[in-house]
Amino acid sequence: MAVTLAAGTTAAPRPRSPKRATKLSPGRILAWTYLVVIVLITLFPFYWILRTALSNNYNLATNPSSPLPVGFTWGAFERALGIASTAQAQAQGGSGASLDIALYMRNSVIYATSQTILIVLFSAAAAYAFSRLHWRGRNLVFNILISALMVPGVFTLLPNFVFVKNLGLTNTFAGLLLPGALFQAFTLFFLRQFMLGLSSEVEEAAIIDGAGPLRIFFRIILPMSSAPIATVSLLMFVNAWNDYLWPLLITNSQSVEPLTLALGVFKQSSPQAAPDWAGLMAAALIAALPMLLLFVAFGKRIVNSIGFSGLK
Amino acid sequence: MVVTSPGNHTTPVTPSSGAAGAVATTAASPRTTGRALGLHASRKAGGPKGSAPTRSVAARRKDLPVALLLIIPSVLGFAIFYAYPTLRGIYLSFTDFHVLTPPSWVGTANLNELLHDDVFWHSLQVTVYFVVLSVVFGTLVSLVTAVVLHRVTRSSALRGVILLPFLISNVIAALVWQWMLDPTLGIVNIALKNLTGHSILFFGSGGWAIPSLAAISIWKWMGYYALLIFAGLQTIPSTIYEAARVDGASEVQMFRRLTVPLLRPILVMVVVLTVINSFQVFDIVQVTTRGGPANASNVLQMYIYEKAFNEFDFGYAATMSLALFVLLIAVTFTQLRLARANESDLN
């Protein structure tokens with residue numbers, strides 16, 4: 001970590017210095033101002049979601065610029081959760097349509113979790129075969145598989161839809177999962193790249209001790225790769241949780257639709273003239289909650305993993 | 001931080017001169033040096049024709065069945081959901097196909113339609129506009145943010161904060177910005193009205209629709225790309241900067257002559273990713289404008305979706321997907337050539 005870089009133009013080679021030792025130069029003030037602006041732009045929408053969600057939808061129009069909730073109420077959350085009565089909802093500017101968010105939440109959890117587990121498991125196994133095992137044609141097969149990186153989702157989308165539809169798997173979790181759970185070029189590429197970099201000493205010792213390739217995979221390579229595996233797992237989970245287009249094509253039934261689609265449904269059920277922004281923001285907040293919790297729990301790991309994921 | 005330094009990236013990136021190389025090597029900590037050596041060894045072993053001194057021919061022979069077993073799911077997934085649909089997509093683009101009836105071959109009729117479809121060309125224009133805005137401003141903001149962050153603070157909390165938008169879905173990002181940009185009640189427009197006297201129809205006017213969508217996209221992705229660049233910055237040994245400083249280089253010179261060249265592989269990657277993602281923008285458009293007003297934000301993916309799922313013209317939709325595919329391949333290849341030129345530059 002190049003701490004010395006932070007020391008500014010006048011920096012003599014200074015030992016790793018704590019914050020108080022750094023000087024307040026104009027450059028630093030400018031830099032911090034920039035960061036504050038960026039952070040404000042980043043965070044403000046999140047605050048605005050909360051502020052709107054805690055407002056009464058009718059009152060929003062009377063004082064739209066108030067920094068605090070207008071006519072504070074939990075009503076929007078009750079509408080989003082479908083526990084407000086129709087009359088109650090309409091009184092606060094909702095449509096009266098209920099949204100079974102718990103069901104959508106369950107669907108999202110099933111989809112994102114199974115997708116993550118399957119793709120990471122399959123990718124790790126293949127990455128091991130492509131990095132630590134030696135067999136004829138290894139690089140050729142790998143290069144062919146990795147060419148999938150070049151195929152944009154746009155292109156495979158329609159044929160995949162037709163294919164899954166012909167299998168009769170629309171509106172099933174199987175149909176939702178199939179295209180992304182077996183193979184994704186990025187996870188394979190990423191895990192293989194890490195495994196290539198592992199030192200072979202331990203592996204060699206195990207080979208001398210007579211361990212077979214499968215045993216080495218489960219006992220040595222997998223544990224050694226736990227950090228990148230956790231990384232791709234987090235990334236895959238976030239991706240699956242936020243997935244929109246594929247579920248939009250493949251599902252139109254409450255029993256499998258994930259949360260991202262539910263938000264669209266909720267938006268459309270709003271009265272055309274004045275959307276139920278409070279209810280919509282409450283629903284958005286509930287939908288984003290798992291990601292926010294994930295962020296609180298694994299923030300540092302996610303932050304580090306992003307950098308890690310970028311390094312080819 | 002061990003996590004963030006896979007072996008292959010600790011290989012010191014050195015300028016061509018031998019002296020600087022020596023500096024960079026000594027800069028690497030014992031652990032990274034060890035890793036780099038380990039990588040070197042394993043690369044040799046893993047190379048296509050490389051000799052594997054510790055592996056007997058017998059061991060190799062034993063590897064093959066296990067390897068085939070382990071790659072079955074990936075190969076199946078690739079064959080069924082990438083290779084087959086790619087070929088089928090190409091086939092479908094030469095057919096008339098409305099899902100319920102089997103596709104019938106029409107040759108280049110779809111292609112002819114495409115060439116004379118003004119909406120398609122307009123969509124392409126709109127999409128390219130979106131891509132250019134996203135790439136130029138997105139990369140610029142990400143780069144500046146990463147460099148500033150790297151220089152003034154080590155706080156991973158701050159890095160976490162700028163990453164937050166990346167974690168929420170496009171749908172939520174689109175919804176909250178649509179609310180904030182609402183012509184009458186949106187906080188942004190209220191602020192604008194107070195400052196300039198008039199508000200802007202961000203999604204309702206043809207001129208503003210694409211820039212607004214690009215802004216949402218940049219808001220969502222900026223933190224992610226900034227962290228990628230930040231990670232790249234961390235791999236640059238600080239000794240290089242110290243040496244430059246001793247030689248009397250200014251801040252700006254160091255940024256232009258050291259930071260940017262050493263970051264080029266990462267920057268190229270960020271640009272490639274942004275281009276690929278932006279060309280396929282859909283979610284935020286579908287949630288906010290649905291292509292409107294009057295096709296002003298009718299990006300390609302949106303148009304393809306409309307054709308396929310509202311008009312059920314799958315054949316023509318497949319043709320447009322093919323066009324987008326060819327376009328993406330061309331653009332990506334150009335960029336990857338850039339990236340390769342870089343590699344030889346640096347090593």
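Computed from heavy atoms alone, side chains included, the values below leave out hydrogens, waters and symmetry copies. Quick note on labels: first sequence line is chain A, next is B, and so on, each numbered from 1. Since we're looking at a predicted model, the values are computed, not measured.
- For the side chain to side chain contact (heavy atoms under 4.5 Å, CB included) test, residues two or more places apart in sequence or in another chain that qualify with Phe130(A) are Ala126(A), Trp135(A), Arg138(A), Val141(A), Phe142(A), Leu145(A), Leu188(A), Arg192(A), Ile71(B).
- For Tyr84(B), the part lying near chain A is the side chain, with the backbone staying farther off; criterion is any non-hydrogen pair under 4.5 Å.
- Of the listed residues Ile329(B), Ile187(B), Val148(B), the one with more heavy-atom pairs under 4.5 angstrom with chain A than any other is Ile187(B).
- At most 12 non-hydrogen atoms from other residues, nucleotides or ligands lie less than 6.0 angstrom from CZ of Phe298(A).
- Looking at Val141(B), the atoms closer than 4.5 Å to chain A (heavy atoms on both sides) sit in the backbone and in the side chain alike.
- No part of Tyr91(B) comes within reach of chain A, as not one of its non-hydrogen atoms sits under 4.5 angstrom from that chain.
- With a 4.5 Å cut-off on non-hydrogen atoms, Trp179(B) touches chain A through its backbone and its side chain both.
- Ring planes of Phe282(B) and Tyr244(A): tilted class, angle from 30 to 60°.
- In this structure, the portions of Phe78(B) lying under 4.5 Å from any heavy atom of chain A include both its backbone and its side chain.
- For a residue to count as touching a neighbouring chain, one of its non-hydrogen atoms must lie under 4.5 Å from one of that chain's; by this rule Ile80(B) touches chain A with backbone and side chain alike.
- Taking both residues in full, the closest heavy atoms of Leu228(B) and Met269(B) are given as CD1-CE, 3.8 Å, listed atom of the first, atom of the second, then distance.
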side-chain contact (heavy atoms from CB on, under 4.5 Å) for Lys220(B) and Ile284(B)? Distances and angles first, verdict last. CA-CA 11 Å; Lys220(B) 184 172 186 306; Ile284(B) 54 174; 5.9 Å; no

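- Interface remark: Met320(B) contributes no atoms to any contact with chain A (heavy atom separation under 4.5 Å).
- Heavy-atom pairs under 4.5 Å with chain A were tallied for Leu92(B), Ile276(B), Val287(B); the largest tally goes to Val287(B).
- The line from CZ of Arg28(A) to CZ of Arg151(B) is 8.5 Å long, rounded to the nearest 0.5 Å.
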Show me the side-chain donor-acceptor pairs of residues 160-171 of chain B shorter than 3.5 Å, one per line, residues at least two apart or across chains.
{"residue": "Ser169(B)", "atom": "OG", "partner": "Ile172(B)", "partner atom": "N", "Å": "3.3"}
{"residue": "Asn170(B)", "atom": "ND2", "partner": "Asp283(B)", "partner atom": "OD2", "Å": "3.2"}

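- Most heavy-atom pairs under 4.5 Å with chain A, from the set Ile304(B), Asn194(B), Val144(B): that is Val144(B).
- Contact annotation for Ala317(B): both backbone and side-chain heavy atoms come within less than 4.5 Å of a heavy atom of chain A.
- Taking the side chain as every heavy atom from C-beta outward, Ile38(A) and Met222(B) approach each other to under 4.5 Å.
- Ranked by heavy-atom pairs shorter than 4.5 Å toward chain A, the options Ile190(B), Val147(B), Leu68(B) are led by Ile190(B).
- For chain A, the nearby part of Tyr305(B) is the side chain; its heavy atoms alone come within less than 4.5 Å.
- Of the two parts of Leu328(B), only the side chain, counted from C-beta on, holds a non-hydrogen atom closer than 4.5 Å to a non-hydrogen atom of chain A.
- Heavy atoms of Leu322(B) lying under 4.5 Å from chain A belong to its backbone as well as its side chain.
- Heavy atoms closer than 4.5 Å to chain A are found in both the backbone and the side chain of Ile90(B).
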For Tyr225(B) and Thr145(B), run side chain to side chain donor-acceptor pair (under 3.5 Å): C-alpha distance rounded to whole Å, both residues' side-chain angles, the deciding distance at 0.1 Å, then the answer. CA-CA 10 Å; Tyr225(B) 293 130; Thr145(B) 307; over 6 Å; no

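- Residue Tyr82(B) touches chain A through both its backbone and its side chain, counting heavy-atom pairs closer than 4.5 Å.
- Between Asn189(B) and Asp182(B), every side-chain heavy-atom pair lies at or beyond the 4.5 Å cut-off.
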